[in-house]
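Working notes for the structure below.
Note that ligands are numbered from 1 as they come in the structure, with each ligand's atoms numbered from 1 the same way. Every value quoted in this text rests on a predicted model; they were computed, and no experiment measured them.
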Amino acid sequence: MHKILVTGGTGFIGSHTVVELFQAGYTPIIVDNLSNSSIQMLDQIEKIIGQRPEFHQFDLCDEAATKKFVESNPDIKGVIHFAASKAVGESVVKPLKYYHNNFFSLINLLNAYQGKPINFVFSSSCTVYGQPDILPVSESAPVKTAESPYGNTKQIAEEILSETANAYDNYQIISLRYFNPVGAHASALIGELPIGVPQNLVPFITQTAIGKREKLTVFGGDYDTVDGSCVRDYIHVVDLAKAHVAAIKLLEKGNPDGKYDVFNIGTGNGYSVIEAIKAFENASGQKLNYEVGPRRDGDIVKVWGDVSKSTAKLGWTAQLGIDEMMASAWEWEKYIQENPLAE
Ligand code: WQD
């Protein structure tokens, strides 16, 4: 079955997508520079799918290496491009790292495929919407000025992809705008592996519950929301991985709506931080030590997705709810407590 290049395939969403691609009959080929993931993720993937995925270690910012890889793999028919720097806070402190890494890798990849028919799926983010004026937010909502260099790289990447798809005849492209990816594979063999102090909510919750962190601080309790804490559309990483398989299938059939398209990948449900904490406590049976503290700069107050286009056109709908997201995240945290992976 078709070979699919998965850049960033040893990362959180990439590894789950490699599993779902394989189980859908594809042959995933991983390229990763291991700058923000562990090579042992290959062993973990192998435990799930029964074979070791093909893996090439190099940096997509290296134009020659990228060109050489593409030229020597002519039978790759599709690309899912995850490889990028993705920490919102770090991007504010190190914008040049984000612009260099996220744009050079993307442009080198697109250039390497010039003239070659390619189906290309891009990892984008609901962060491009900023604070939407209307909720749930649909794909037709205006893209707002990004709150961070990370968000800006996603917005500009989408423009690069749209213009590339429409200027050249060999690219068919879809951008998937993720809401908040959380949880882990049901096997608890792969999951989110934050290096250092977790920036995102759910790994901080599970590390607090297991005793690696003393307590969780809820960033803000005085917002105009159900309980004063921010609202997000959390999406199970396995559902998210399946959305990438659906996008590849749509591109293989040919997207009747055009050579470039975008889809919201969320559940359509919003949960506040405190509701997410309660869901974790219910799903895990663990009481969480948390307190409400000051707001975090740059946070938007509330966002959840209108996912009707993904259901209608991508043939994809999230199947897993907040309980499964939290239960699977907790199982994964306990697994890596017993079986630490080399960072
Ligand atoms: C969620 C909510 C925090 C930690 C960003 C990017 C998005 C994607 C995911 C890359 C917020 C609150 C968090 C904590 C808290 N990027 N929180 N205490 O900021 O919605 O999305 O990360 O994968 O593109 O924009 O995710 O998990 O950081 O925060 O109260 O210790 O949890 O304030 O309301 P975010 P997050």
For atom 34 (O) of ligand 1, closest protein heavy-atom neighbour: C230 CB, 3.0 Å

N or O pair under 3.5 Å between F219 and ligand 1: yes

Residue among E192, K212, Q337, E333 satisfying side-chain hydrogen bond (donor to acceptor under 3.5 Å, both in side chains) with T206: E333

Ion pair check, K313 and E139, cut-off under 4.0 Å: no

Sequence-distant partners of Y223, ring-ring contact (aromatic ring centres under 6.0 Å, His included), two or more places apart: none

Closest protein heavy atom (residue, atom, distance) for atom 29 (O) of ligand 1: R296 NH2, 3.3 Å

Any Y234 heavy atom less than 4.0 Å to ligand 1: yes

Y178 near ligand 1 by a heavy-atom separation under 4.0 Å: no

Aromatic contact, Y178 with H244 (centres under 6.0 Å): yes

Close N or O approach (L201, ligand 1; < 3.5 Å): yes

Donor-acceptor pairs under 3.5 angstrom involving side-chain atoms of residues 314-327: please list them, not counting sequence neighbours.
residue	atom	partner	partner atom	Å
W316	NE1	D239	O	2.9
T317	OG1	T311	OG1	3.0
Q319	NE2	T317	O	2.9

Closest protein heavy atom to atom 21 (O) of ligand 1, given as residue, atom name and distance to 0.1 Å: N180 ND2, 3.6 Å

Aromatic contact, F69 with F58 (centres under 6.0 Å): yes

